[in-house]
Amino acid sequence: REDLKGLYSALLVPFNEDGSVNEEGLRKIIRHNIDKMKIDGLYVGGSSGENFLLGKEEKKQIFEIAKDEAKDQIKLIAQVGSSNIYEVIELGKFVTELGYDAISAVTPFYYRFNADEVYNYYKEITENVENDLIIYSIPLLTGVDMGIKDFERLFKLPRIVGVKYTSADFYLLERLRKAFKEQLIFSGFDEMLVPAVANNVDGAIGSTYNVNGIRSREIFDAVKSNDLQKALEIQNLTNDFISAVLNNGLYQTLKYILQREVNSDKQFYSRKPMAQITEAQKEEAENIYQKFIK
Ligand code: SI3
């Protein structure tokens, strides 16, 4: 469990114009994360990987490429969750065979599942997949809000080792940290890294670390060494960057920057129905790249 702590990039996936995975581009992004961003691990198959727009075989393809490229150089967590529990279990077994360090599963969504249904989903996954599991809680996108009692029940399941907490509810984060010292808590919102680390999270997982990993590590370390002034200065600059990215289109802009960073002459497309980057967005993405990353 201790081994899983650290800073993870939520892996962005480049697609070709026809919607297929751009394998060469994906390998380059993985190398960029390992060699230049010096991240501790990759979170594969998350929101940033446009995972919920993909079919099962495509998800497997991405899990395979990531493991093949990263080998054992960094830690790998596979997000296998969805509302199709049979697929979740199949993917969980698949990535465990591949050697992933842990699995993660988003709360089941779309139908308004009650707390028992959410609990049974995780129970069934942990009973069938022999790997550590990190709950992926992202109420903003799933609509599934969990309280301290829900987490308490879930954390009793033997293979559950923590939560990827993508929420701005810092009261709940503080309560969770105090109550569950043994569980791993990963912060999910990159723009709120300072308050998350101040609340003693064990790590962070985010999309912008793919391109802003070095600064984010500095934030993490500065809070840990009680240099709040320095941490806030870097967070302020980071948030100028993140605000600009969010205003221009999150994944489109991050992919544009990655395409520039890894010198790919092929455009990194998004997966439909995600919109493709426009010429105006490209121009602004280039400005953001020049100002904050290059
Ligand atoms: O890919 C993943 O599953 C994530 O790690 C999601 C992560 O929490 C990101 N959230 C979303 C909705 O994309 C954040 O890293 C987010 O992009 C960033 O904080 C900017 O808001």
Side-chain angles (χ1 to χ4, degrees), residues 4 6-14 26 29-30 33 37 39-54 59 62-63 66 75-82 88 91 95 100 102-107 109 133-144 162-170 173 184-197 201-213 215-217 219-220 234-258 270-271 274 285 288 292-293:
L4 289 170
L7 199 66
Y8 290 68
S9 287
L11 185 65
L12 284 142
V13 176
L26 182 57
I29 292 176
I30 294 165
N33 269 297
M37 296 294 103
I39 40 98
D40 298 311
L42 286 173
Y43 188 78
V44 186
S47 317
S48 313
E50 295 166 59
N51 176 72
F52 305 106
L53 309 177
L54 306 180
K59 293 179 189 178
I62 292 163
F63 289 134
K75 286 162 274 192
L76 290 176
I77 300 175
Q79 195 303 117
V80 294
S82 70
V88 177
L91 290 176
V95 297
Y100 273 69
I103 61 167
S104 181
V106 72
T107 50
F109 53 87
L133 186 150
I134 293 159
I135 296 165
Y136 181 10
S137 175
I138 180 161
L140 187 77
L141 291 185
T142 58
V144 181
V163 58
K164 167 164 149 48
Y165 185 87
T166 306
S167 163
D169 184 344
F170 283 93
L173 177 61
L184 297 171
I185 304 180
F186 294 94
S187 159
F189 273 131
D190 318 0
E191 53 276 50
M192 301 173 204
L193 191 54
V194 167
V197 183
V201 293
D202 300 291
I205 300 170
S207 62
T208 63
Y209 307 147
N210 283 274
V211 297
N212 193 47
R215 264 188 215 123
S216 305
R217 167 93 57 197
I219 296 174
F220 205 101
I234 312 171
Q235 183 83 75
N236 288 154
L237 177 63
T238 285
N239 287 3
D240 288 346
F241 165 67
I242 293 179
S243 299
V245 168
L246 290 173
N247 284 336
N248 196 49
L250 176 63
Y251 303 134
Q252 292 86 350
T253 308
L254 291 178
K255 282 190 197 186
Y256 177 89
I257 294 172
L258 276 168
S270 291
R271 176 75 171 209
M274 207 76 85
I288 297 171
F292 295 101
I293 302 296

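Numbering of ligands and ligand atoms starts at 1, following listing order. Note that these values count all heavy atoms, side chains included, but never hydrogens, waters or copies made by symmetry.
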Name every donor-acceptor pair, under 3.5 Å, that has one atom in a side chain of residues 204-211 and the other anywhere in the protein, sequence neighbours excluded.
| unit_1 | atom_1 | unit_2 | atom_2 | d |
| --- | --- | --- | --- | --- |
| Thr208 | OG1 | Asp190 | OD2 | 2.5 |
| Asn210 | OD1 | Asn33 | ND2 | 2.9 |
| Asn210 | ND2 | Ala10 | O | 2.8 |
| Asn210 | ND2 | Ser207 | O | 2.8 |

Heavy-atom check, side chain of Asp40 versus side chain of Arg217, under 4.5 Å: yes
Assess whether ring pair (Phe, Tyr, Trp, His ring centres under 6.0 Å) is satisfied between Phe109 and Phe52, documenting all intermediate values. CA-CA 11 Å; Phe109 53 87; Phe52 305 106; 5.6 Å; yes
Under a plain distance cut-off of 3.5 Å, with no hydrogens placed, do Tyr136 and Thr142 share a side-chain donor-acceptor pair? no
Residues 238-246 side chain polar contacts: donor-acceptor under 3.5 Å, at least two apart:
| unit_1 | atom_1 | unit_2 | atom_2 | d |
| --- | --- | --- | --- | --- |
| Thr238 | OG1 | Asn212 | ND2 | 3.2 |
| Thr238 | OG1 | Ile234 | O | 3.0 |
| Asn239 | OD1 | Gln235 | NE2 | 2.9 |
| Asn239 | ND2 | Glu191 | O | 3.1 |
| Ser243 | OG | Asn239 | O | 2.8 |

Partner set under side-chain hydrogen bond (donor to acceptor under 3.5 Å, both in side chains) for Ser187, not counting sequence neighbours: none
Check ligand 1 against the protein and report each N/O to N/O distance under 3.5 Å, formatted as atom name, atom name, distance.
| unit_1 | atom_1 | unit_2 | atom_2 | d |
| --- | --- | --- | --- | --- |
| ligand 1 | 1 (O) | Ser47 | N | 3.0 |
| ligand 1 | 1 (O) | Ser48 | N | 2.7 |
| ligand 1 | 1 (O) | Ser48 | OG | 2.7 |
| ligand 1 | 3 (O) | Ser47 | N | 2.8 |
| ligand 1 | 3 (O) | Ser47 | OG | 3.3 |
| ligand 1 | 3 (O) | Tyr136 | OH | 2.7 |
| ligand 1 | 5 (O) | Lys164 | NZ | 2.8 |
| ligand 1 | 8 (O) | Lys164 | NZ | 3.2 |
| ligand 1 | 8 (O) | Thr166 | OG1 | 3.3 |
| ligand 1 | 8 (O) | Gly188 | O | 2.6 |
| ligand 1 | 13 (O) | Tyr251 | OH | 2.9 |
| ligand 1 | 15 (O) | Asp190 | OD1 | 2.8 |
| ligand 1 | 15 (O) | Asp190 | OD2 | 3.2 |
| ligand 1 | 15 (O) | Ser207 | N | 2.8 |
| ligand 1 | 15 (O) | Ser207 | OG | 3.3 |
| ligand 1 | 17 (O) | Ser207 | OG | 2.7 |
| ligand 1 | 19 (O) | Asp190 | N | 2.9 |
| ligand 1 | 19 (O) | Asp190 | OD1 | 3.2 |
| ligand 1 | 19 (O) | Glu191 | OE1 | 2.5 |
| ligand 1 | 21 (O) | Glu191 | OE1 | 3.4 |
| ligand 1 | 21 (O) | Glu191 | OE2 | 2.7 |

